[in-house]
Amino acid sequence: EEDKAHLFLERRGETLTVVELRTALAEIDIDKNHSVCFLEYCMYKYKKTLEEFFEEKEGDMRALLEALEAAIKAYQETLAEKKAREDKMAKLEADAASGGVKGMRAKAELEAMKSEDELERNRREITAGAKTRKAKKDLENGDPFAEEQKRVAAEKKKKEEAERLKREESRRKLAERAKLFS
């Protein structure tokens, strides 16, 4: 399991040395079965206990999720209307190209569709997209785990910055030592 854990962490951008991995695995593998389940990994990653993972959080997420689903549905309906209009216009263009009475009728209908005011359709599409973005933002702000994810991301960035500074310092020292020999 150690090699699988190593590959998993590597793919997630959490590469560890063999010693660091073995130390982490000793901490992660709570039931000591030499196998790390996803819940054990999450507890290790987010530094939470089992009780903290399953405790009920304040706030009702159902209302936020329903608002998001409604906004997504409205946006999808708007896009479906737009696609149906584009498909109809494409069919009319093909009919108009065929000529004859049917072609002339299709050409007239196509001209009428092109001269229609698209402002209302564009407004509905933009409004639906804005509602979807707002619902996603509201859900993110209401999600207690989103805050935790932001904290972990900031912590990871801080750690990477410290490692980068350490590497730069090491390179600087190495360059100074190299100057001594030249």
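Heads up: numbering here begins at 1 and tracks the sequence. Every heavy atom of this structure was used, including side-chain atoms; hydrogens, water molecules and symmetry mates were not.
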Shortest non-hydrogen contact from [X] toward [Y]:
X      : Y      : result
Ala96  : Ala106 : N-CB, 3.8 Å
Lys32  : Ala26  : NZ-O, 2.8 Å
Thr132 : Ala71  : OG1-O, 3.2 Å
Ile30  : Glu40  : N-OE2, 3.2 Å
Glu125 : Tyr75  : O-CE1, 3.8 Å
Met43  : Thr49  : CE-C, 4.2 Å

Atom [atom1] in [X], atom [atom2] in [Y]: separation rounded to 0.5 Å?
X      : Y      : atom1 : atom2 : result
Leu25  : Ser35  : CG    : OG    : 10.0 Å
Lys131 : Thr127 : NZ    : OG1   : 7.0 Å
Lys136 : Ile72  : NZ    : CD1   : 5.5 Å
Glu109 : Arg105 : CD    : CZ    : 8.5 Å
Lys83  : Gln76  : NZ    : CD    : 14.0 Å
Leu92  : Met89  : CG    : CE    : 8.0 Å

Inset, instruction - List the steps, then state whether side-chain contact (heavy atoms from CB on, under 4.5 Å) holds for Glu169 with Leu165. - result: CA-CA 6 Å; Glu169 179 65 21; Leu165 291 173; over 6 Å; no
hydrophobic_cluster_shared for [Y] and [X], side chain cutoff 4.5 Å:
X      : Y      : value
Leu110 : Met104 : no
Leu39  : Val152 : yes
Ile126 : Leu79  : no

Inset, instruction - For salt bridge (charged side-chain N to carboxylate O under 4.0 Å, His left out), just list the numbers for Glu69 and Lys73, CA-CA rounded to whole Å, side-chain angles, deciding distance to a tenth of an Å, and then say yes or no. - result: CA-CA 6 Å; Glu69 288 172 8; Lys73 184 178 178 185; over 6 Å; no
Inset, instruction - Indicate yes or no for a side-chain donor-acceptor contact from Asp29 to the backbone of Asn33 under 3.5 Å, with no hydrogens or angles considered. - result: yes
Inset, instruction - Output yes when a side-chain donor or acceptor of Arg121 lies under 3.5 Å from a complementary backbone atom of Glu81, and no otherwise. - result: no
Legend entry - Candidate list Glu10, His6, Glu14, test side chain to side chain contact (heavy atoms under 4.5 Å, CB included), partner Leu21, passing option: His6
For [Y], is there an ion pair with [X] - N to carboxylate O distance below 4.0 angstrom?
X      : Y      : result
Lys166 : Glu163 : no
Lys91  : Asp87  : no
Glu120 : Arg123 : yes
Arg164 : Glu161 : yes

Legend entry - Geometric cation-pi criterion Lys179 and Phe181, 6.0 Å radius, 45° cone: no
